[in-house]
Visitor: 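Before we start, here is the structure in question, set down as structure tokens.
When a residue number appears, it is its place in the shown sequence, counting from 1.
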Amino acid sequence: LFRKIRRNILLLGQVSQAAAMRGSPLFLCLFSMSCWVNLMMTTGDKIFHFGTCRVSMSMTEIRAGFTAIKANIQSRDPIRSLSILSHPHSLHKVKSSDRCCIAHQLFTFYVDKVFKHCRTEDSFVNRKISSIANSFLSVRRKLGQCHEQNNCVCGEESTEKFKQILANYEGLNVTSAAMKSLGELDILLDWMEKPR
């Protein structure tokens, strides 16, 4: 992956230098856009639209990390009859105007409450959790910037849905709730990728 990125950057530099010598700004612009799109596809980044807020994240990397540990994490969940994210209507039918707010709240929830309580005796699992947590931290920052610019307004519905998720989480002991929430990560990822 890093070799491809490095090769693209070197190629961009060589072509831009040649284009600058020939005086072709349009070619340079088109080539730069093409390299950017190629780089985004190479890194697996996907752009999500939450109202006016746009956030890119490596969904492929997050899903691969989660898939590698899902069975291990879910086997640690002693209470299969309860769900943190799937409680009736928690993420279903969220208005498009509330998507940014609920996404920001959920990424903050995972960073602040879930990941820090998901330590296991397995170093492989811990590395995967850490990698996913770092990706979530990056997305939370981007969503936080939208929130600060008032592009991520919280309506009553999103506030109520998030309160229900918190109530589900706080109804369990911290470690069980964190492991259950991590085990349900695919629910959040599926919701994000669901076409609107």
Visitor: In the structure I gave you, are the side-chain heavy atoms of Glu193 and Met59 within less than 4.5 Å of one another anywhere?
Guide: yes
Visitor: Start with the C-alpha gap between Arg140 and Leu137, add the side-chain angles, then the distance that decides, and say whether side chain to side chain contact (heavy atoms under 4.5 Å, CB included) holds.
Guide: CA-CA 5 Å; Arg140 181 181 77 165; Leu137 184 60; 3.6 Å; yes
Visitor: For Gly155, does its backbone N or O pair with a side-chain atom of Thr159 as donor and acceptor, under 3.5 Å?
Guide: yes
Visitor: Between Ile69 and Thr120, does a side chain to side chain contact (heavy atoms under 4.5 Å, CB included) hold up when you go through it step by step?
Guide: CA-CA 11 Å; Ile69 62 171; Thr120 70; over 6 Å; no
Visitor: Side-chain contact test, heavy atoms from C-beta onward, threshold under 4.5 Å: evaluate it for Glu61 versus Ser135 and give yes or no.
Guide: yes
Visitor: Between the side chain of Tyr169 and the main-chain N/O of Lys113, is any donor-acceptor distance below 3.5 Å?
Guide: yes
Visitor: Let's go through Glu184 and Ser86 carefully: what are the C-alpha distance in whole Å and the side-chain angles of both, what is the deciding distance for side chain to side chain donor-acceptor pair (under 3.5 Å) to 0.1 Å, and is it a yes or a no?
Guide: CA-CA 8 Å; Glu184 294 180 1; Ser86 280; 5.3 Å; no
Visitor: With sequence neighbours left out, what residues match Phe48 under ring pair (Phe, Tyr, Trp, His ring centres under 6.0 Å)?
Guide: none
Visitor: To check you understand the geometry: which heavy-atom pair defines the closest contact between Val139 and Ser56, and what is its length?
Guide: CG2-O, 4.4 Å
Visitor: Using a 6.0 Å cut-off, check whether atom CZ of Arg54 has over 12 heavy atoms from anything other than its own residue.
Guide: no
Visitor: Quick one, Cys152 with Cys146, criterion disulfide (SG to SG under 2.5 Å). Give me CA distance, side-chain angles, the key distance, then yes/no.
Guide: CA-CA 6 Å; Cys152 198; Cys146 289; over 6 Å; no
Visitor: Does any N or O in the side chain of Lys180 come within less than 3.5 Å of the main-chain N or O of Ile79, such that one atom is a donor and the other an acceptor?
Guide: yes
Visitor: Between Lys95 and Glu160, does any side-chain N to carboxylate O distance fall below 4.0 Å?
Guide: no
Visitor: For Ile73 versus Gly183, what's the shortest heavy-atom pair and its separation?
Guide: CG2-N, 3.6 Å
Visitor: Is the closest side-chain heavy-atom distance between Leu185 and Val114 below 4.5 Å?
Guide: no
Visitor: Kindly compute the distance separating OG (Ser158) from CD1 (Ile102), expressed to the nearest 0.5 Å.
Guide: 5.5 Å
Visitor: Do Asn126 and Ser123 have side-chain atoms, one donor and one acceptor, less than 3.5 Å apart?
Guide: no
Visitor: Should Cys100 and Cys53 be marked as a disulfide (SG to SG under 2.5 Å) after you check the CA-CA gap, both sets of side-chain angles, and the distance that decides it?
Guide: CA-CA 7 Å; Cys100 183; Cys53 186; 4.3 Å; no
Visitor: Set out, in order, the CA-CA distance, both residues' side-chain angles and the distance that settles salt bridge (Lys or Arg N to Asp or Glu O under 4.0 Å) for Arg63 and Asp186, then state yes or no.
Guide: CA-CA 8 Å; Arg63 280 209 185 265; Asp186 54 347; over 6 Å; no
Visitor: Please output the side-chain donor-acceptor pairs of residues 104-111 that fall under 3.5 Å, not counting sequence neighbours, one pair per line with the distance.
Guide:
from: Thr108; atom 1: OG1; to: His104; atom 2: O; distance (Å): 2.9
from: Tyr110; atom 1: OH; to: Ser181; atom 2: O; distance (Å): 2.6

Visitor: How long is the straight-line distance from NE2 of His117 back to CG of Asp112, given to the nearest 0.5 Å?
Guide: 9.5 Å
Visitor: Evaluate salt bridge (Lys or Arg N to Asp or Glu O under 4.0 Å) for Glu157 paired with Lys163, printing each intermediate quantity in order.
Guide: CA-CA 10 Å; Glu157 183 182 359; Lys163 280 182 184 175; over 6 Å; no
Visitor: How about NZ on Lys142, more than 12 heavy atoms from neighbouring residues, nucleotides or ligands closer than 6.0 Å, or not?
Guide: yes
Visitor: Quick one: does Arg119's side chain get under 4.5 Å of Ile129's, heavy atoms only?
Guide: yes
Visitor: Going by an N to O cut-off under 4.0 Å, is there a salt bridge joining Asp122 and Lys128?
Guide: no
Visitor: Is the side chain of Arg80 donor-acceptor paired with the backbone N or O of Asp77 at a distance under 3.5 Å, no angle test?
Guide: yes
Visitor: For Ala178 and Cys118, work out which heavy atoms get closest and say how close.
Guide: O-SG, 3.5 Å
Visitor: Walk me through it: do Phe136 and Ile62 pass the test side chain to side chain contact (heavy atoms under 4.5 Å, CB included)?
Guide: CA-CA 9 Å; Phe136 268 56; Ile62 292 170; 4.2 Å; yes
Visitor: Ser75 side chain to Asn72 main-chain N or O, any donor-acceptor pair under 3.5 Å?
Guide: yes
Visitor: Just verifying a value: how many Å separate Ile187 CD1 and Asp190 CG, rounded to the nearest 0.5 Å?
Guide: 8.0 Å
Visitor: Go through the steps for Val94 and Arg99 under the test side chain to side chain contact (heavy atoms under 4.5 Å, CB included), then give the verdict.
Guide: CA-CA 6 Å; Val94 173; Arg99 282 180 50 81; 4.1 Å; yes
Visitor: Using the rule that two of Ile, Leu, Val, Met, Phe, Trp, Tyr join whenever any of their side-chain heavy atoms come within less than 4.5 Å, decide whether Val153 and Phe50 are in one cluster.
Guide: no
Visitor: Check whether Ser131 reaches the backbone of Arg127 with its side chain - one donor and one acceptor, N or O, closer than 3.5 Å.
Guide: no
